[in-house]
Amino acid sequence: MFRTRSTCCYCILCTFIGLALAFLMLFAGAPAASAQPPKGPVSFINDVAPILKENCFACHDAKKKKGKLEMTSYESFRKGGTKDDPVLPGKSKASVIIEVLTATDKTRMPPKDVAPQPLAKEKIDIIAKWIDEGAKLDAGINAKADLVKELRIRWKPPQPKVAYDRPALVTAIAFTPDNKRLVLDSGNHELTVWDAATGKLLRRIFTRAERAHAMVFLPDGKLAVAGSRPGQEGDVRIYNIDAGKTIDFGGVPAVDSANDPAVMVKELVQTDDEIFALALSPDGKKLASGGCDRLVRVFDIASGKIEHQIENHADWVLGVTFTPDGKGLATSGRDKTAKVWDLAAKESLLTFPDHGDYVFGVVISNDGKTGISIGSDKNVRTWQATDAAKAIGKQLKALSGHTDAIFRVSYRHDEKNPLLATGGADKTIRTWNPVAGTPLKTFSGFTDWVYAVALSPDGQLVAGASGNGEVKVFQTASGNPVVSFNAAPGYTPPKTAEVKK
């Protein structure tokens with residue numbers, strides 16, 4: 001797994017299993033600098049800074065400052081570290097940065113334990129040309145500016161392919177409020193909308209975010225999405241999935257949310273790395289999020305303002321949900337705990353530690369008394385969520401059934417018929433009676449790990465999506481399949497060879 005400046009690993013699914021996954025190969029890396037020096041003058045921000053970001057910032061950011069050198073602003077870069085200014089304007093061959101980039105001994109940068117291969121000559125030539133031209137900063141950019149943010153502002157998302165040549169790993173799925181459509185993350189800078197009964201692709205929504213990790217529909221029918229470019233940025237944005245100027249894209253209507261304000265109607269936050277979890281308050285007025293930076297944010301949807309920002313998890317926040325009264329939150333994380341929070345006090349009331357491994361999701365029962373969490377330990381665990389005096393949530397039951405890590409949980413809050421659905425690495429979806437703590441049905445047929453699960457608003461359907469793009473919809477009561485399709489537009493999965501008898 002490759003690292004950048006961010007505090008997070010390159011992809012969320014290495015969180016999901018705590019190991020390197022095949023999922024990683026589906027992700028393209030961050031935009032690379034041009035292979036050849038530009039014919040005209042070299043731009044620091046457009047040509048040099050991207051090279052520094054991808055190859056230097058991991059060791060020379062504001063926190064690590066190896067060699068006392070910070071490179072995340074032009075000013076700090078030129079200030080230098082133990083060897084003062086690494087750049088001698090007009091003289092690249094005499095500049096320390098070129099010396100260490102071209103060195104063949106232990107002084108080489110990036111060091112061999114970080115990058116086995118030296119920086120490509122073409123990229124070194126770009127930096128050298130910039131130095132020989134005077135090592136200037138582009139006009140209009142403050143020398144103190146954070147280069148990561150400056151590069152983010154200038155970054156433009158690629159347009160998805162008309163037809164995919166590989167499967168789309170789906171990490172988020174949601175039913176529309178009328179139970180008739182599914183919205184899926186494609187992992188390739190777009191959301192896709194499908195007919196839940198037929199599997200027909202209805203609409204494609206191009207997004208700035210490469211991937212969506214969580215989605216929730218708001219009371220007005222708009223869709224809130226936690227998105228990200230792994231290792232680059234994270235966001236919470238609100239979309240009107242039925243609005244915007246459409247184009248014909250391979251026979252399917254498509255809209256460009258990055259450039260159409262009628263589609264992407266509001267951005268609540270943009271962070272330096274991924275946001276994994278999203279939850280809507282019971283009154284529909286607030287959103288909560290959690291992610292790589294360990295912060296739990298609560299937004300007022302109408303104003304877009306952050307009302308609460310709290311931190312207590314020791315690692316990434318992977319799950320979040322509101323308590324039924326809206327006054328608290330339950331969260332879960334890579335620190336192997338689930339927690340219950342008092343929003344007004346901005347403090348943790350109790351911690352549930354019994355999973356002993358990554359806790360990927362958490363929900364709270366309708367009466368607010370029981371926490372339900374899932375994780376790498378293969379169990380659905382229920383626990384007391386109200387015993388703040390002890391500060392530890394006492395386990396009630398450990399529900400077995402899954403035979404491998406459980407990645408996703410979906411909970412239908414219904415007073416008469418609450419329903420819980422889970423999915424994971426054993427390639428199944430399972431439903432449970434959350435009150436009795438008993439298993440109901442098992443939905444199988446997936447050929448890869450299930451990373452996304454959603455119950456329809458009416459509770460009649462459950463949908464899941466897997467690592468190879470399989471999407472399956474089932475009837476919750478009977479267990480019968482409704483439809484199965486691949487989430488990658490235009491992709492035709494290879495036919496399974498018949499076994500000769």
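Both backbone and side-chain heavy atoms feed into the values below; hydrogens, waters and symmetry mates do not. Since we're looking at a predicted model, the values are computed, not measured.
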Side chain proximity check, [X] to [Y], heavy atoms < 4.5 angstrom:
| X | Y | value |
| --- | --- | --- |
| Leu329 | Val340 | no |
| Val359 | Ile374 | no |
| Leu218 | Leu280 | yes |
| Val298 | Leu343 | yes |
| Leu295 | Val317 | no |
| Ile372 | Val409 | no |
| Phe407 | Val450 | no |
| Val183 | Trp194 | no |

How long is the straight-line distance from [atom2] of [Y] back to [atom1] of [X], given to the nearest 0.5 Å?
| X | Y | atom1 | atom2 | result |
| --- | --- | --- | --- | --- |
| Ser444 | Lys472 | OG | NZ | 9.0 Å |
| Leu223 | Thr176 | CG | OG1 | 10.0 Å |
| Arg204 | Gln159 | CZ | CD | 8.5 Å |
| Phe352 | Ser332 | CZ | OG | 11.5 Å |
| Phe446 | Thr428 | CZ | OG1 | 8.5 Å |
| Leu419 | Thr476 | CG | OG1 | 6.0 Å |

Looking at the rings of Phe249 and Phe206, which for Trp means the six-membered one, are their centres under 6.0 Å apart? yes

Given the side-chain rings of His213 and Trp316, with only the six-membered ring counted for Trp, is the space between their centroids under 6.0 Å?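 Not under 6.0 Å, so no.
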
Indicate yes or no for a side-chain donor-acceptor contact from [X] to the backbone of [Y] under 3.5 Å, with no hydrogens or angles considered.
| X | Y | result |
| --- | --- | --- |
| Arg208 | Asp235 | no |
| Asn179 | Asp458 | yes |
| Asn379 | Arg381 | no |
| Ser484 | Glu470 | no |
| Arg430 | Gly401 | yes |

Salt bridge [X]-[Y], side-chain N to carboxylate O under 4.0 Å:
| X | Y | answer |
| --- | --- | --- |
| Lys336 | Asp354 | no |
| Lys285 | Asp283 | no |
| Glu267 | Arg237 | yes |
| Asp315 | Arg334 | yes |
| Arg412 | Asp414 | yes |
| Asp404 | Lys378 | no |
| Arg152 | Asp272 | yes |
| Asp367 | Lys369 | no |

Do the rings of Phe443 and Phe474 sit parallel, tilted or perpendicular, given the 30° and 60° boundaries?
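Aromatic pair Phe443/Phe474 classed tilted.
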
Hey, are [Y] and [X] close enough side-chain-wise for a donor-acceptor pair under 3.5 Å?
| X | Y | value |
| --- | --- | --- |
| Thr422 | Trp432 | yes |
| Asp273 | Ser228 | no |
| Ser257 | Asp260 | no |
| Glu233 | Thr271 | no |
| Gln460 | Ser456 | no |
| Ser186 | Asn188 | no |
| Thr370 | Trp383 | no |

Exercise for review: Kindly indicate, with the supporting measurements, whether the criterion side-chain hydrogen bond (donor to acceptor under 3.5 Å, both in side chains) is fulfilled by Lys53 and Gln232.
Suggested key: CA-CA 10 Å; Lys53 176 180 179 296; Gln232 308 294 319; 2.7 Å; yes

Minimum heavy-atom distance [X]-[Y], with the two atoms named:
| X | Y | answer |
| --- | --- | --- |
| Asp342 | Ala345 | OD1-N, 3.0 Å |
| Lys245 | Val255 | O-CG1, 3.5 Å |
| Val363 | Thr321 | CA-CG2, 3.7 Å |
| Pro489 | Leu201 | CB-CD2, 3.8 Å |
| Leu202 | Pro253 | O-CD, 3.5 Å |
| Ala262 | Asn240 | O-CB, 3.6 Å |

task: Would you check, one step at a time, whether the test side-chain hydrogen bond (donor to acceptor under 3.5 Å, both in side chains) holds for Ser376 with His355?
output: CA-CA 8 Å; Ser376 292; His355 281 278; over 6 Å; no

Item to complete: Dump the intermediate steps for side-chain contact (heavy atoms from CB on, under 4.5 Å) on Tyr358 and Thr337, then the final yes or no.
Response: CA-CA 7 Å; Tyr358 296 172; Thr337 68; over 6 Å; no

- Are His402 and Trp449 close enough, and set up right, to give a ring-ring contact (aromatic ring centres under 6.0 Å, His included), and what steps lead you there? CA-CA 12 Å; His402 282 286; Trp449 296 358; over 10 Å; no

Q) So with a 6.0 Å cut-off around NZ of Lys161, is the heavy-atom count from everything else above 12? A)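 Incorrect, the count does not exceed 12.
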
Q | Full working for side-chain contact (heavy atoms from CB on, under 4.5 Å) between Asp185 and Tyr451 | A | CA-CA 11 Å; Asp185 153 66; Tyr451 291 116; over 6 Å; no

message = By the definition side chain to side chain contact (heavy atoms under 4.5 Å, CB included), identify the one residue from Thr331, Thr323, Leu349 that meets it with Trp341.
response =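 Testing each of Thr331, Thr323, Leu349 against Trp341, the sole residue satisfying side chain to side chain contact (heavy atoms under 4.5 Å, CB included) is Thr331.
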
Pair Leu268, Ile238 - check side-chain contact (heavy atoms from CB on, under 4.5 Å), show working.
CA-CA 8 Å; Leu268 297 179; Ile238 297 175; 4.2 Å; yes

Salt bridge (Lys or Arg N to Asp or Glu O under 4.0 Å) between Arg297 and Glu307, worked out
CA-CA 8 Å; Arg297 297 177 176 87; Glu307 289 192 344; over 6 Å; no

Please report the C-alpha distance between Ile205 and Thr192 in whole Å, then the side-chain angles of each, then the deciding distance to 0.1 Å, and finally whether the side-chain contact (heavy atoms from CB on, under 4.5 Å) criterion is met.
CA-CA 6 Å; Ile205 303 167; Thr192 52; over 6 Å; no

Notebook entry, point to check: Within 45° of the ring axis of Trp155 and under 6.0 Å from its six-membered ring centre, is that where the NZ or CZ of Arg229 lies?
Noted result: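 Cation-pi check for Arg229 and Trp155: passes.
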
